[in-house]
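Single-structure report; data block below.
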Amino acid sequence: QKSVVVKGQAVVSTKNVATLNPETLKKIAPRDAVAIIVGIADYKKLPRADFANDDARSFYDYANRALGIQPENIKMLIDGEAEQVEILSAFRSWLPSYVKKDKTDVYVFYSGHGLPSTDGKSLFFLPQSAHKDFLPETGIDQNSLVAALVAAKPKSVTLFIDSCYSGSTRSGETLLASARPLALKAKETVFPSNFTVISASRMDQISSSSPELKHGIFSFYVMKGLEGAADLNGDGKITSGELQWSMSTILTARRQLSWP
């Protein structure tokens, strides 16, 4: 028998967590474009939408650097600023004054809770003071925002929606006591031909956040896509089609693998 002593240095295993780096973006030239950015994490009468306010704050940098939108052309509403009147005013009063007919590109980013009406015919974004029992009175019907966008007559509209309409929060809680996760279903909205909609989930799916990423999963990978991950053909430009395809691939993979 022989005794062998092996000495080695212990290596601490560390988990690599991706981070957002908007400062690495090459700032593109200013464009005829405007953005409305809404992020609500701290609701008054509903569970938190974890990291939704951080999603919006981060997207501001990407709107400016990656999309070429000047700061004065960005309307950002966070938590207490994102009440029903302020959001409606941004779409119906502020936006038209910044849009040149058929020339201006409009971007809308929303991160927060969503909920369908009980009959499934309407979809609502939920302002900070929204009340689930008075949805028509305290929520904002998605169709009313689409109508306001159409009325402004922009060249194009791109919607980034980090919300779900399944009746569940990002952390899996139910917004309605009588609703089980994925139980609520709503009809898909039909958008005008000049609209591009990139959404976190289908109508019956949950949109999740990640404590590790410290963002909504959808929002995080939209912004990573804008950093260059969505540049599929390597031409230095990111089209809406490339961003949609990359987001669909990433989110489908995460759901299939049950990643956080």
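Being a predicted model, the structure only gives us computed values, none of them experimental.
- I36 and A90 get closest at one heavy-atom pair: CD1-O, 3.6 Å.
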Report the C-alpha separation of D42 and N53 in whole Å, then their side-chain angles, then the decisive distance to 0.1 Å, and conclude whether the side chain to side chain contact (heavy atoms under 4.5 Å, CB included) test is met. CA-CA 8 Å; D42 297 317; N53 46 12; 4.1 Å; yes
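- Put simply, CZ on F59 and CG on N64 are 11.0 Å apart, with the number rounded to the nearest 0.5 Å.
- N21 places no side-chain N or O within donor-acceptor distance of the main-chain N or O of E23, the cut-off being under 3.5 Å.
- With rounding to the nearest 0.5 angstrom, the CG atom of L20 is 10.5 Å from the CG atom of D54.
- Going from atom CG of L159 over to atom CD1 of I198 covers 9.0 Å, rounded to the nearest 0.5 Å.
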Set out, in order, the CA-CA distance, both residues' side-chain angles and the distance that settles side chain to side chain donor-acceptor pair (under 3.5 Å) for D55 and H215, then state yes or no. CA-CA 6 Å; D55 294 339; H215 283 284; 2.8 Å; yes
Side chain to side chain contact (heavy atoms under 4.5 Å, CB included) between Q142 and I161: does it pass, once the steps are laid out? CA-CA 11 Å; Q142 182 176 282; I161 305 175; 4.2 Å; yes
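- L149 has its side chain out of reach of P154: every pair of non-hydrogen atoms, C-beta onward, lies at least 4.5 Å apart.
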Side chain to side chain contact (heavy atoms under 4.5 Å, CB included) assessment of L135 paired with L115: CA-CA 8 Å; L135 198 56; L115 204 62; 4.2 Å; yes
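- A side-chain donor-acceptor contact under 3.5 Å links K224 to the backbone of T19.
- D105 meets the side-chain contact (heavy atoms from CB on, under 4.5 Å) test with R31, A33, Y107, K155, S156; sequence neighbours excluded.
- Heavy-atom minimum distance, P47 versus H113: O-NE2, 2.7 Å.
- Side chains of V106 and V108 form a contact here, defined as non-hydrogen atoms less than 4.5 Å apart.
- The distance from the CD1 atom of I28 to the CG atom of L67 is 6.5 Å, given to the nearest 0.5 Å.
- Between Y43 and P127 the shortest side-chain heavy-atom distance does not fall below 4.5 Å.
- The closest side-chain heavy-atom distance from F191 to V146 is below 4.5 Å.
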Under the side chain to side chain donor-acceptor pair (under 3.5 Å) rule, what do Y98 and E72 come out as? Steps first, then yes or no, please. CA-CA 10 Å; Y98 283 80; E72 60 270 22; over 6 Å; no
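- For Q84 against T138, the heavy-atom pair with the smallest separation is NE2-C, 3.4 Å.
- Across all their heavy atoms, P22 and E227 have their closest contact at N-OE2, 4.0 Å.
- Looking at heavy atoms from C-beta onward, L88 lies in side-chain contact with I140 at the 4.5 angstrom threshold.
- Side-chain contact between F125 and I87: absent, with no pair of heavy atoms (C-beta onward) separated by less than 4.5 Å.
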Run L226 and Y221 through side chain to side chain contact (heavy atoms under 4.5 Å, CB included) and show every step you take. CA-CA 8 Å; L226 292 173; Y221 284 104; over 6 Å; no
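- Residue pairs satisfying the salt bridge (Lys or Arg N to Asp or Glu O under 4.0 Å) criterion with at least one member in residues 78-88, sequence neighbours excluded, are listed as follows: K44-E83.
- Closest approach of V150 to P192, counting heavy atoms only: CG2-CG, 3.7 Å.
- Residue pairs that meet the ring-ring contact (aromatic ring centres under 6.0 Å, His included) test with at least one member in residues 65-85, sequence neighbours left out, do not exist here.
- Under a 3.5 Å cut-off, the side chain of S219 and the backbone N or O of G216 do not form any donor-acceptor pair.
- Using bins of under 30°, 30° to 60° and over 60° for the plane-to-plane angle, the ring pair F160/F109 lands in the tilted bin.
- Between L46 atom CG and Q128 atom CD the span is 10.0 Å, to the nearest 0.5 Å.
- At a threshold of 4.5 Å between non-hydrogen side-chain atoms, the residues S163 and Y110 count as touching.
- Rounding to the nearest 0.5 angstrom, the gap separating the OG atom in S111 from the CD1 atom in I37 is 11.5 Å.
- Closest approach of W94 and S97 over heavy atoms only: O-OG, 2.6 Å.
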